[in-house]
Amino acid sequence: MSYDLKFKNNYLLNIAYGVLIGALTTLVTLFICSVIYTYVDIPEYFNAVFATVALILGAFLGGSFTVSKINEKGYLYGALVGVILFIFVFLISVVVSDNSISLTSLFHFLCTVTSGCIAGIIRANKEANKKYLR
């Protein structure tokens, strides 16, 4: 059995890598936003917009990676990556800044899950239809 086949059949490992990629993408996006804040005078209410965009991008890339390895049930695995990523980021947020559940966190949850789900659907359909495009 080849390494690629073992990696393809290990769902938990693929989900974990997807969440890791999503978390790193979110972290890099937030870092870029903080650099922009350093050099450009942007109103403070854009913090929520940047945080939401970072989470959406992270969930999208993480869900896309996971479904590219699993190649089935894109909506389910993409949404699962989104849920786990949100829980991970929310727990860090609670520890660092003593936040609690609010409407903003509910909105971030919905955006993250929807983004992961959409990425999974796109990726699964892209892989499924690849044989028909030749």
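Numbers here simply count residues along the sequence, with the first being 1. Just so it is clear, the model here is predicted, and its values are computed rather than measured.
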Stepwise side chain to side chain contact (heavy atoms under 4.5 Å, CB included) test for I87 and L91:
CA-CA 6 Å; I87 292 171; L91 289 177; 3.9 Å; yes

Taken in chain and number order and not counting sequence neighbours, the residues that satisfy ring-ring contact (aromatic ring centres under 6.0 Å, His included) with F90 are F86

Shortest non-hydrogen contact from G82 to A59?
CA-CB, 4.4 Å

Donor-acceptor pairs are to be reported for all side-chain atoms of residues 28-39 against protein atoms at under 3.5 Å, with residues two or more places apart or in another chain.
unit_1, atom_1, unit_2, atom_2, d
T29, OG1, T25, O, 2.7
S34, OG, F31, O, 2.6
Y37, OH, P43, O, 3.3
Y37, OH, N47, N, 3.1
Y37, OH, N47, OD1, 2.8
T38, OG1, S34, O, 2.8

For the residue pair A119 and G63, what are the closest heavy atoms and their distance?
CB-C, 4.4 Å

Going by chain and number, the hydrophobic cluster around Y75 (ILVMFWY, side chain to side chain under 4.5 Å) further includes L76, I121

Can you name the ring-ring contact (aromatic ring centres under 6.0 Å, His included) partners of F60, sequence neighbours left out?
none

L80 side chain reached by I15 side chain, heavy atoms, under 4.5 Å
yes

Answer whether the closest heavy-atom distance between the side chains of L20 and L24 falls below 4.5 Å.
yes

Let me see the working for V89 and L55 under side chain to side chain contact (heavy atoms under 4.5 Å, CB included), right down to the final yes or no.
CA-CA 9 Å; V89 170; L55 273 172; 3.9 Å; yes

Find the distance between CG (L85) and OG1 (T26) and round it off to the nearest 0.5 Å.
5.0 Å

Output the distance between atom CG (L110) and atom SG (C117), rounded to the nearest 0.5 Å.
12.0 Å

For T104, enumerate each residue passing the side chain to side chain donor-acceptor pair (under 3.5 Å) test, keeping only those at least two apart in sequence or located in another chain.
none

Does T66 use its side chain to pair, donor to acceptor, with the backbone of N14 at less than 3.5 Å?
yes

Kindly write out the residues that satisfy side-chain contact (heavy atoms from CB on, under 4.5 Å) with T52, not counting sequence neighbours, or none if the list is empty.
I56, F107, H108, C111

Give a yes or no on whether the backbone of S102 and the side-chain of S105 come within a donor-acceptor separation of less than 3.5 Å.
yes

Would you check if Y11 and E72 make a side-chain contact, meaning some heavy-atom pair closer than 4.5 Å?
yes

For the CD1 atom of I92 and the OG atom of S97, what is their distance to the nearest 0.5 Å?
11.0 Å

Determine whether F109 and V83 make a side-chain contact, defined as any pair of heavy atoms from C-beta on separated by less than 4.5 Å.
yes

Is it true that F65 and L13 fall in one hydrophobic cluster, defined by side-chain heavy atoms closer than 4.5 Å?
yes

For R123 and S64 the tightest heavy-atom approach is CG-O, 3.4 Å

Using a 6.0 Å cut-off, check whether atom CG of L103 has over 12 heavy atoms from anything other than its own residue.
no

Atom CZ of residue position F88 - does it have more than 12 heavy atoms of other residues, nucleotides or ligands inside 6.0 Å?
no

State plainly whether one hydrophobic cluster holds both V19 and Y77, where clusters connect Ile, Leu, Val, Met, Phe, Trp and Tyr through side-chain heavy atoms under 4.5 angstrom apart.
yes

